[in-house]
Amino acid sequence: MQDQQRAEDFTTYSEAIIGFVQWLRLQGMGVGIHESQQALMAAEFGCIKEKALLKNAFRLIFCTSPSDRQQFDSLFEFFWGREKIAVKGKTTYKNQSNIKKKSPASLVWMGMGNGSEDQKEDAKKVSGANQVARLRKTDFTRLTEMESEELEEIAQKLWKQMSLRMKRKMKASANHGRIDLRNTLRRSLNYGGELIELRKKSPKARRKKLVVLLDVSGSMDTYSFFLLRFICALRVHFAKIEAFLFSTHLIRITEYLHTQNLETTLKLMSLRTDNWSSGTRIGESLKQFNDSFAREILHGHSTVIILSDGLDTGEPDLVEEEIKKIKLRTRQLIWLNPLKGTMGYEPIQKGMAAALPQLDHFRSANTLDSILELEKLLINV
Amino acid sequence: MGELNLGVFDSPESVIAACDSCGYLADDELATALFLAYKLGKPLLLEGHPGVGKTEVANVLAKALDTNLIRLQCYEGLDVNSAVYEWNYQKQLLSIRIAQNGNGHTGNLEKHIFGKDFLLKRPLLQSITQEKSPVLLIDEVDRADEEFEAFLLELLSAYQISIPEMGTIEASKKPIVILTSNRTRELSDALKRRCLYIWNDFPDFEKEMNIVKKHHPHIEESLVRQVIHAIQYLREQKLTKYPGISESIDWASALLAIGTQKLDRKSIEKTLSCVLKAVDDVDKMKNGELERMLGELATVI
């Protein structure tokens, strides 16, 4: 920062403005040549007369979001002002070094590395004609490491098939719909204005928004990871996928879904979430979602999937209240509870029972087959 | 390309004065924004919470410049046919029939029926074919699809519209474009970079008082003070829908209408529907929040 030039180091105003633009660029703001031209013009129109005016004008030209605007004021003061302004960055660096990093090894399929003999036996007990069919019906937590790799392969193939199937379904509807007068008329010119061929247009299949809230506490992480892979396979079919992890609090992981390699994605996530595999506070996590993200993310057209076992250490009333709020802003609300797949399960935990009346679908999603069933729900939105 | 042919704004101060005469209080930043949008010929993107008076800016600007306001309300599924242009099919069909029954210049027919007479102008096309630079308001652009946003780029950077059957139509007079967004989704960078960007926040106490007084010149000073205190208190609470500036103005009118001089429990209960627009929020008020608010009001007045 010491050798950074300021406005007073330049001889003319135009040079100072160019210097300012270059400096903003160094600070990570997306300022282009076009913007510098605009800034020079603004100065010419008389904005240079007064500092406050210049600041307003430049802020309008250079900023494109609320966060830009926050950053801009101090940058401006630093460059144009006389008095020194403290550099903001320092505190954040400190925080970053405090984040506990987990070793990547602790993550991928949690708890699977030490698959005991018991688990292997359990897995084999599930009846099925062949290995593939059996694996598809096996609860994720009961897979051995080797089996999980195998299941991985099967899953990959199925994800691909599923993508294809969904595409075809959307295409088939292209011949229905209203008459497209514009095209029909155009076509009729070939027949001397006789309307022989009718052209039609159908509503364009609109891609919907999908929001996933994944419980990663205790035993849920295995299921959560599998569902996440399923969601990533569906990525192309949705306009936007938003993903969140929660246990004691909520973390947004949407940005990581866009990483190409999913393996890396999962590693990145484990580095970021320090609350991985701890106790659950569903109500509070949902509240956090509603308070901070729902306004921005949820519209009447979105589908929300919550994956959780419903074992809550917080207030059940809060769960009910927050679930209601989510329901109001969505088209379809799906709760996946892996425990539902186990024999004799009843949704009697308080949190779960409170949420139940609000749900459109309540599914198990503990095996590959049950996850694939979700496809039907998701494409009919 | 046509230049702006107006010429009343020559400094941000003159913008403030012009807005003031139209009954709108513009602060320095907004005035600078309007001044630059006008001078640089750049669209202005207004973002902010619902109810902070974003749309009103365009209305006032049109009034101040004494020009037309052309408004395009965005919604999901908005397409070119309803935003830009549409062919008048009935007229086209009729024209084809006439051509057939008469001696029929079928050679010219296509050129004829895709001519100017058969074009229905929708807001965007209207805005670039005016005699005098209009104000074009593209309201709640965040509601439109991303595809539509991409379409806007051509209009906003080159002020021209391409119609396949006719060619490109260039603006005779450049419109002054105001876009508003409630930030329900992030707009694309490409669109933002073509615009001047301003974030409208809720006004501070003094400014909001002045706004309400501007709309109700005869209102009692003490009543306005109480209303604004109450509104600002409500905004700090965790509500489903925050009351905006229009709510403050409405509330003041309602209180004037029932002829009350003081904001007490009775008058609040009567007029609550002007301020709170969600069932949850009304319930919250009934369950104790009202007492807390009255307590708060008692301390400041």
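Protein chains get the first letters and strands the later ones, always in sequence-line order, with residue 1 at the start of each. Reckoned from all heavy atoms, side chains included, excluding hydrogens, waters and symmetry mates.
- Using a 4.5 Å cut-off between heavy atoms, A:D68 makes no contact with chain B at all.
- For B:W87, the part sitting under 4.5 Å from any heavy atom of chain A is the side chain, from C-beta outward, and nothing else.
- For chain A, the option among B:E165, B:E47, B:R183 with the highest count of heavy-atom pairs below 4.5 Å is B:E165.
- Across A:K325, A:K55, A:R59, A:Q38, the residue that shares the most heavy-atom pairs under 4.5 angstrom with chain B is A:Q38.
- Residues A:F293 and A:F244 place their aromatic rings such that the two centres sit under 6.0 Å apart.
- Chain A forms more heavy-atom pairs under 4.5 Å with one residue of B:K42, B:E86, B:Q92 than with any other, namely B:K42.
- Between A:L54 and A:F58 the shortest side-chain heavy-atom distance falls below 4.5 Å.
- Under the 30°/60° scheme for interplanar angles, the aromatic rings of B:F202 and B:H49 are found to lie parallel.
- The shortest heavy-atom contact between B:L239 and B:L234 is CD1-O, 3.4 Å.
- With a 4.5 Å cut-off on non-hydrogen atoms, B:L30 does not touch chain A at all.
- Heavy-atom pairs under 4.5 Å with chain B peak, among A:E35, A:K324, A:H34, at A:E35.
- Taking A:C63, A:G32, A:P66 one by one and counting their heavy-atom pairs under 4.5 Å with chain B, the maximum is reached by A:P66.
- Although no hydrogens or angles enter the test, the distance criterion places a donor-acceptor pair under 3.5 Å between the side chain of B:S14 and the main chain of B:D10.
- Side-chain rings of A:F79 and A:F20 approach one another, their centers coming within less than 6.0 Å.
- For a residue to count as touching a neighbouring chain, one of its non-hydrogen atoms must lie under 4.5 Å from one of that chain's; by this rule B:N81 touches chain A with the side chain only.
- Between the CD1 atom of B:I176 and the CG atom of B:L137 there is a distance of 12.5 Å, given to the nearest 0.5 Å.
- Neither the backbone nor the side chain of A:E321 comes within contact range of chain B; no heavy atom of the residue lies under 4.5 Å from a heavy atom of that chain.
- Atoms CD1 and CZ, on A:I306 and A:F246 in that order, are 6.5 Å from each other to the nearest 0.5 Å.
- Proximity to chain A involves both the backbone and the side chain of B:I198, based on heavy atoms less than 4.5 angstrom apart.
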